[in-house]
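Single-structure report; data block below.
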Amino acid sequence: MLAILGITAPIFILIAIGFFACRSGLISRDQAAGMGRFVITFALPALVIRALLERPLAEVFDWYYVLAYGLGSLLVFGLGYAFARLVRKDSLSGSAMVGLGVSVSNSGFIAYPIVAMALGSPAGVALALGMIIENVLMIPLALTLAELGRQSGGGVGKALRGTARSLIRHPVLVAITAALLMAILELHPPPVAMRVIDMLATAAAPVALFVIGASLSGMKPGGLVMDVSQVAVGKLILHPLMVLLCFTLLPVSNPVLASAGVLMAAAPMMSIYPILGARYGLEGRCAAGLVVATVLSFLSVSVFIWAVG
């Protein structure tokens with residue numbers, strides 16, 4: 001418990017610093033929005049490139065793990081999207097962000113340290129495979145649907161064309177495509193370029209958390225209870241249970257790796273979730289969901305650690 005708190009406490013501290021910096025007037029909301037654009041345009045693409053180039057794909061690739069974890073994530077994405085769209089009558093972009101929130105974990109900054117503490121070396125393989133699933137499948141799926149909602153109006157054909165143009169220019173998807181091509185062709189940037197990528201990637205987490213805190217400043221919680229609850233329950237309970245079910249149906253050769261996947265899924269959503277939501281005017285809702293899920297994950301992750309032994 002204390003070890004898990006030691007991992008999550010710095011996250012809350014950085015969020016609190018951003019909150020009080022904005023509340024006290026040290027930075028404005030416009031300045032915080034500019035920092036968010038820095039994360040989404042430069043730091044996050046660098047983080048994706050580094051994650052996909054750190055290890056050879058053949059070294060860590062396990063088809064059963066990818067199928068099981070990917071299927072579990074897709075199922076919970078579909079459930080979250082359908083509940084938001086059909087039951088709560090949310091917008092297409094809003095429903096897509098709900099699906100993203102319940103199906104993509106904070107793999108690098110929360111899940112990996114917890115899994116490494118609980119299970120040891122399989123955490124590295126689970127992190128690499130999880131990042132591939134998230135960056136190749138889940139994030140592009142959510143952003144495609146969200147962009148389709150953003151481009152609505154003027155007919156389906158016009159919306160699809162507008163969505164395609166936006167996706168082609170989206171920094172995260174451009175970085176994913178470039179990194180995958182380099183990984184497949186076994187190409188690596190020169191050392192100087194990799195140092196720049198490392199520096200930008202290192203800035204992604206702290207700046208994103210600072211921006212989350214700033215976006216919470218002045219936000220009114222009224223009307224967000226259901227929005228936050230559906231994302232928190234879906235991410236902390238349904239996602240790991242769906243992944244566990246899929247590992248039961250598609251057993252991997254290493255059961256410890258399967259346990260690592262369940263714990264990865266039990267982590268709260270990624271720290272740049274509100275940054276992605278800001279493009280669709282949903283940064284307040286996404287930030288509140290992230291904070292609540294991260295707080296509650298202290299208990300839920302502990303339960304799943306006990307459950308996987």
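This chain uses plain numbering: 1 for the first residue, then up along the sequence.
Counting only distance, with no hydrogens or angles, the side chain of Ser297 and the backbone of Ser300 share no donor-acceptor pair below 3.5 Å. Panel note: side chain Arg85, backbone Asp90; a donor-acceptor pair is recorded below 3.5 Å. Checking side-chain atoms of Tyr273 against main-chain N and O of Met97 turns up a donor-acceptor pair under 3.5 Å. The closest donor-acceptor contact from the side chain of Ser24 to the backbone of Ala21 lies under 3.5 Å.
The structure places CE of Met270 at 10.5 Å from CD1 of Ile275, a figure rounded to the nearest 0.5 Å. Note that the SG atom of Cys22 and the CZ atom of Phe210 stand 8.0 Å from one another [nearest 0.5 Å]. Between atom CD1 of residue Ile139 and atom OG of residue Ser103 there is a gap of 9.0 Å, rounded to the nearest 0.5 Å. The OG1 atom of Thr202 lies 6.0 Å from the CG atom of Asp198; values are rounded to the nearest 0.5 Å. With rounding to the nearest 0.5 angstrom, the CG atom of Leu47 is 11.0 Å from the CD1 atom of Ile197. To the nearest 0.5 angstrom, Leu100 atom CG is 10.5 Å from Leu145 atom CG.
Annotation: side chain to side chain donor-acceptor pair (under 3.5 Å) contacts involving residues 232-258, sequence neighbours excluded, comprise Ser73-His239, Ser105-Lys235, Lys235-His239.
Side-chain atoms of Tyr69 and Ile133, non-hydrogen and from C-beta on, do get closer than 4.5 Å to each other. Between Met182 and Ile49, the closest side-chain pair of non-hydrogen atoms falls below 4.5 Å. Annotation: side chain of Phe42 is not in contact with side chain of Arg37 (no heavy-atom distance under 4.5 Å).
By the criterion of side-chain heavy atoms lying less than 4.5 angstrom apart, applied directly or through intervening Ile, Leu, Val, Met, Phe, Trp or Tyr residues, Phe77 is not grouped with Leu86; the two fall into different hydrophobic clusters. By the criterion of side-chain heavy atoms lying less than 4.5 angstrom apart, applied directly or through intervening Ile, Leu, Val, Met, Phe, Trp or Tyr residues, Ile27 is grouped together with Ile13 in one hydrophobic cluster. Hydrophobic clustering, with ILVMFWY side chains joined whenever heavy atoms are under 4.5 angstrom apart, keeps Val192 apart from Met199.
Ring to ring, Phe247 and Tyr64 are not that close: their centroids are 6.0 angstrom or more apart.
Heavy-atom neighbours of Tyr280 OH from other residues, nucleotides or ligands within 6.0 Å: above the threshold of 12.
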